[in-house]
Amino acid sequence: MTWFEFWLFVHVLAAITWIGGAGAIQVFGILTKRAADPAKTVFFIRNVSWIVMRVFLPASVLVFVSGVGLVENGFWDWDETFVVAGIVLWAGVSLIAFGFLGRAMAQAGSRLESEGPSPQLMLTIRNLVWTSRLLLGTLVVVVFLMTVKPGT
């Protein structure tokens, strides 16, 4: 096994973990919303917050580190369009997801548990869900860029 093959394996595995997990969470979120049970919603939000910080954050770091390994051991330069776009989009998604969304979801879950559902809180939760969907869509764009590699 070459270093390139190693970094490629780590890169793909980490991306699958992050993006596949985020997609699965969206499905479970829809099922939780359909249940219309505040206790289930609290349970869901707490678990999502935990997963975001303890599974997706390490996966995101591995995506970046292994991406660096791929560029250093592969056939591309740092100024390639897909490399630059991938880094910029990765940084944006990571800052929003791990700097804001994970904590905001945990706070919303705690408020829902202590205060119960209110129109304002449910709107906040809905907005957080839509933010997570936008981030997932952005990650899908990154996967497209990494597989098609425009500009090469």
Check your understanding: If only atom types and distance count, is the side chain of Ser114 paired as donor or acceptor with the main-chain N or O of Ser110 below 3.5 Å?
Key -> yes
**Study point:** Shared hydrophobic cluster, Val65 / Phe82 (ILVMFWY, side-chain heavy atoms < 4.5 Å)
**Key:** yes
Check your understanding: Considering residues at least two apart in sequence or located in another chain, which fulfil the side chain to side chain contact (heavy atoms under 4.5 Å, CB included) criterion with Val63?
Key -> His11, Ala14, Ala15, Trp18, Trp90
**Study point:** Check against side chain to side chain contact (heavy atoms under 4.5 Å, CB included), Ile19 and Val143
**Key:** CA-CA 9 Å; Ile19 297 166; Val143 169; 3.2 Å; yes
Review point. Roughly how far, to the nearest 0.5 Å, is CE of Met1 from CZ of Phe9?
Key: 7.5 Å
Study note, to complete from the structure: The reported gap from CG in Leu128 to CD in Gln107 (rounded to nearest 0.5 angstrom) is 9.5 Å
Check your understanding: Should Leu134 and Val48 be regarded as members of a common hydrophobic cluster, given that ILVMFWY residues are connected when their side-chain heavy atoms come within less than 4.5 Å of each other, either directly or indirectly?
Key -> no
Practice item. Indicate if Val83 and Val12 have the same hydrophobic cluster label, given that clusters are the connected sets of ILVMFWY residues with side-chain heavy-atom separations under 4.5 angstrom. Key: yes
Point to revise | Over 12 foreign heavy atoms within 6.0 Å of CH2, Trp3 | key: no
Check your understanding: Okay, side chain of Glu72, backbone of Gly69: is any donor-acceptor separation there less than 3.5 Å?
Key -> no
**Study point:** Gln26 side chain to Ser132 side chain, donor-acceptor N/O pair below 3.5 angstrom
**Key:** yes
**Study point:** Derivation of the side chain to side chain contact (heavy atoms under 4.5 Å, CB included) call for Ile45 and Trp50
**Key:** CA-CA 9 Å; Ile45 290 173; Trp50 189 91; over 6 Å; no
Practice item. Determine which pairs satisfy salt bridge (charged side-chain N to carboxylate O under 4.0 Å, His left out) with at least one residue from residues 132-150, sequence neighbours left out, and list them in order. Key: none
Exercise for review: List the steps, then state whether side chain to side chain contact (heavy atoms under 4.5 Å, CB included) holds for Thr17 with Val55.
Suggested key: CA-CA 8 Å; Thr17 300; Val55 177; 3.9 Å; yes
Check your understanding: Any chain of hydrophobic side-chain contacts (each under 4.5 Å) joining Trp130 to Val140?
Key -> no
Practice item. Report yes or no: do Ile96 and Val88 belong to one cluster of Ile/Leu/Val/Met/Phe/Trp/Tyr joined by side chain heavy-atom distances under 4.5 Å? Key: no
Check your understanding: Under the salt bridge (charged side-chain N to carboxylate O under 4.0 Å, His left out) rule, what pairs show up with a residue in residues 37-50, not counting sequence neighbours?
Key -> Arg46-Glu113
Point to revise | is_close_aromatic(Phe4, Phe75), centroid dist under 6.0 Å | key: yes
Practice item. Could you tell me whether the side chain of Ser49 and the main chain of Gly102 form a donor-acceptor pair under 3.5 Å? Key: yes
Exercise for review: Kindly compute the distance separating OG (Ser94) from CD1 (Ile87), expressed to the nearest 0.5 Å.
Suggested key: 11.5 Å
Check your understanding: Crowded around Gln120 CD? As in, over 12 foreign heavy atoms under 6.0 Å?
Key -> no
Review point. Just checking, is any N or O donor in the side chain of Thr32 or Thr41 under 3.5 Å from an acceptor N or O on the other one?
Key: no
Check your understanding: Nearest 0.5 Å, what's the CZ-CG distance between Phe56 and Leu139?
Key -> 9.5 Å
